[in-house]
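I have placed the structure first, in the form of structure tokens, so that the comments after it can refer back to it.
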Amino acid sequence: MSIRSTLLISMALLGSGILSGCATSRQIAVDYPKTETSELPPLKGQTTVTADDYYVQIVSEFEFKGDNALKGGCSDVGAAYETGDMSAALLFNIHNEPLKFKREASGFLYQATTGKCNFKLETKKAYLTPWLRLDSAKDTLIEYSFLTSNSHESNLSEVVSDINAASNLMALTGVGTGIAVMGKLAGSWVEATAAQPAVNKPKPAAKYSSETHNLSASVVLNNGGGSLSQSRLAVYEVVEAGMKVWASETKLLGEMRVYPELKSSLLLKASVEGVPDAHDLSLEELLRLPMQTPAGEIPLKQMIEQASQAEKTNLNPYDDMQNQCRRLKLVMKDLGFNKFDRNAVLFYFLSKSTDWNNFNITSEKAMADAIRPRVLEQYRSKDFSACLASEDYSVMKSMQLSVNTPQDWDNLTNNRQKKEEVISSVQSAGRQLLSALNHLDKDEMARQLYPLLLNEKSGNGSVLLQNHLGNFGLENMLQMPTIADEGVVITAAQLANVMIGLDVQAYSCARPAQNQAQPLPNIGILLFATQPGSPREKGGALEFELTQGKISRLAFQNPTFRDFEQNITDYPDLGGCRIEADFLNKLH
């Protein structure tokens, strides 16, 4: 590197870019660069751009604009080309001081002897930088040197050949073979490049002309986003007839473009215009992806392990998950991976943890009664704040990964609270009703039932009783000849007499009745199993309806009422009540 740099500096003496010859010849000239600037585009689906959104790679490429160079009178196309005196080369010098990154690359090489057709022009697409995050790419500076010589001793082809050999290390092209280079790996790139054979030093008799200029920065960032710039250098062919200037003919041969390419992801396999989709991957799959280094391809896992020797990152953790997550996050940021690639790896890394899966509970599971509100609070309390910030969750969500942002958790909590409010009155009334019914003494049961009952017409301590369970002697228990279909209003004492007469063996807990899988706010239901010899063999269900917080209606029902048995199967836990299959079997 040092020999090449010294060589280029020492050659920056003259500004002429035109080769001269004594006979008819075809030569090359390069115009000063023109810059085209455009706004940095937000990713599809986003409105702003941050320095962590993209990777950028700066590329040089020659675009032909003129006719085929051999048109117009070259009849000796098959003649062998011999190295001649005239040569020209366009070279790039790239450096990024914060990354301590330096390298050279060639744009084109031109060689000619006298004679219009005795020339050779070599152009190549060159990747001037590896893939870098925007916040690192903005510090990349590029200068170009246009070198010309009319000395056979100069041999610019050897200079270009050595530069190309060294630059092969940087041929990073495509997802899975590219690497964002930063921090800890930057030194290895520099060392690897420096280890390449030095450029052949020209002989002392060599004579060069060199013109060197800086190109505009390819990436500029500001608070509102940023801009991208591409530079165009017009390349002309100059055909001269001897020393007669008036016989010269100049034509545009093409343009050397230096431009930035953007990619939202190197690590993920998906190649999309917008935010990458990471929902169908795994940690093992990601860690196996090949990354390009000066020593060749290595798996991502090995790269992370090599970069985290000081603080070993355990990629298969089951303990100390948050600290390991924090270390992995910092290592990947040091390696230069952007927010999408970092958070994809972090998501699948954390998915090995039960706490992580609980934290990202779905709304359906969060609303299920099997998970009580206090359990949800425990899930949320382990918020992984030691590793992840709120924007990390947003990035994961944008990649179609199932995560709960703080706003999602607020919504989950609020929805669950509303559900609890709906069923709380049924839960409370059900608990009080069961407490009263479990008294074996009829008078005590009546006393406990009295404040719970309220019929609109008959007042406190009375309730409308309906029977849809069948004929089990309810009229005899109430000493009534018949009971109308709409039911009969009874007192707390009469209700106690009925329940004692049924000889109940056990009650289930009380739970809200449901309609289309939604709990009803004012109707509850419980099951009861009877002793052998009871007027009602096996037992049944007792439904209660609330009005203004009091029980206004009671109905004996078959356990299949409202598809109740299937409801218990579908929702074993509801409103804090779980009814086991064994209890249902007692009723059959």
Side-chain angles (χ1 to χ4, degrees), residues 425-515 520-531 533-565 575 577 579 587:
S425 58
V426 174
Q427 287 177 308
S428 176
R431 285 192 297 266
Q432 294 179 70
L433 177 60
L434 282 170
S435 177
L437 295 178
N438 275 300
H439 284 286
L440 299 179
D441 182 76
K442 182 172 60 175
D443 293 336
E444 182 59 27
M445 183 188 296
R447 192 177 69 83
Q448 295 287 335
L449 286 171
Y450 184 89
L452 305 180
L453 309 178
L454 175 62
N455 179 264
E456 184 178 356
K457 293 182 179 179
S458 301
N460 290 325
S462 61
V463 66
L464 176 65
L465 180 64
Q466 298 172 332
N467 179 26
H468 305 298
L469 191 54
N471 185 13
F472 61 90
L474 180 59
E475 291 85 352
N476 293 334
M477 294 178 188
L478 293 174
Q479 298 179 353
M480 294 181 178
T482 59
I483 298 177
D485 291 340
E486 63 270 19
V488 61
V489 176
I490 62 172
T491 64
Q494 288 174 304
L495 178 58
N497 190 59
V498 171
M499 301 312 295
I500 292 294
L502 278 173
D503 199 9
V504 176
Q505 183 184 52
Y507 293 100
S508 74
C509 51
R511 52 193 276 153
Q514 284 192 300
N515 182 28
L520 298 173
N522 63 330
I523 298 178
I525 196 166
L526 58 89
L527 302 178
F528 62 92
T530 55
Q531 301 277 6
S534 167
R536 172 60 191 181
E537 186 179 359
K538 297 294 186 181
L542 183 64
E543 183 185 60
F544 59 93
E545 182 175 351
L546 303 178
T547 301
Q548 297 179 357
K550 297 292 186 74
I551 297 174
S552 59
R553 181 180 64 86
L554 285 167
F556 287 109
Q557 304 281 9
N558 190 284
T560 60
F561 176 67
R562 294 184 185 274
D563 205 16
F564 191 59
E565 290 190 7
C577 172
I579 300 177
L587 309 182

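- Remark: side-chain polar atoms of Ser534 are not paired, donor with acceptor, to backbone N or O of Gly539 under 3.5 angstrom.
- Side-chain atoms of Gln494 come within 3.5 Å of backbone atoms of Thr491 as a donor-acceptor pair (strictly under, hydrogens ignored).
- For the atom pair Ser428 OG and Leu452 CG, the distance stands at 9.0 Å (nearest 0.5 Å).
- Without hydrogens or angle criteria, Asn558 side chain to Phe561 main chain gives no donor-acceptor distance under 3.5 Å.
- The shortest distance between side-chain heavy atoms of Asn455 and Thr547 does not fall below 4.5 Å.
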### Task
Go through the steps to decide whether Met499 and Tyr507 satisfy the test side chain to side chain contact (heavy atoms under 4.5 Å, CB included), and finish with yes or no.
CA-CA 11 Å; Met499 301 312 295; Tyr507 293 100; 3.4 Å; yes
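- Residues Pro535 and Met477 meet the side-chain proximity criterion, which asks for heavy atoms closer than 4.5 Å.
- Put simply, the side chain of Phe472 reaches to within 4.5 Å of the side chain of Asn467, judged on heavy atoms.
- The closest side-chain heavy-atom distance from Arg511 to Ile579 is below 4.5 Å.
- Of all heavy-atom pairs spanning Gln466 and Glu486, the tightest one is NE2-O, 3.2 Å.
- Taking 4.5 Å as the limit, every side-chain heavy atom of Glu456 sits out of range of all side-chain heavy atoms of Lys550.
- The two residues Val498 and Phe556 come nearest to each other via the heavy atoms CG1-CZ, 3.9 Å.
- In this structure, the side chains of Val426 and Leu546 come closer than 4.5 Å at one or more pairs of heavy atoms.
- Using a 4.5 Å heavy-atom threshold, the side chains of Leu542 and Gln557 count as separate.
- Atoms CG and CD, from Leu587 and Glu565 in turn, are 7.0 Å apart once rounded to the nearest 0.5 Å.
- Interatomic distance, CD of Gln432 versus CG of Leu434, reported as 10.5 Å (0.5 Å rounding).
- The minimum heavy-atom distance between Leu440 and Ile500, with the atom names listed, is O-CD1, 3.4 Å.
- Ala446 and Ala492 make their closest contact through O-CB, 3.6 Å (heavy atoms, listed as atom of the first residue, atom of the second, distance).
- Contact record, Lys442 with Asn497: NZ-OD1, 3.5 Å, taken as the closest heavy-atom pair.
- In terms of modelled atom types and a separation under 3.5 Å, the side chain of Thr530 and the main chain of Arg536 share a donor-acceptor contact.
- Contact record, Arg553 with Ala555: NH1-CB, 3.6 Å, taken as the closest heavy-atom pair.
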### Message
For Glu543 and Ile523: C-alpha separation, side-chain torsions, deciding distance, then whether side chain to side chain contact (heavy atoms under 4.5 Å, CB included) applies.
### Response
CA-CA 7 Å; Glu543 183 185 60; Ile523 298 178; 3.5 Å; yes
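- From Lys457, atom NZ reaches atom OG of Ser462 across 11.5 Å, with rounding to the nearest 0.5 Å.
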### Task
Show the numbers, then the answer: is there a side chain to side chain contact (heavy atoms under 4.5 Å, CB included) between Leu495 and Leu453?
CA-CA 10 Å; Leu495 178 58; Leu453 309 178; 4.1 Å; yes
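- Between the SG atom in Cys509 and the CD1 atom in Ile525 there is a gap of 12.0 Å [rounded to 0.5 Å].
- Two residues are said to be in side-chain contact when any heavy atoms from C-beta on lie closer than 4.5 Å; Phe528 and Leu437 fail this criterion.
- Annotation for Glu475: atom CD counts as buried by contact number, over 12 foreign heavy atoms lying within 6.0 Å.
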### Task
Could you walk me through whether Val463 and Ile490 pass side chain to side chain contact (heavy atoms under 4.5 Å, CB included), step by step?
CA-CA 6 Å; Val463 66; Ile490 62 172; 3.9 Å; yes
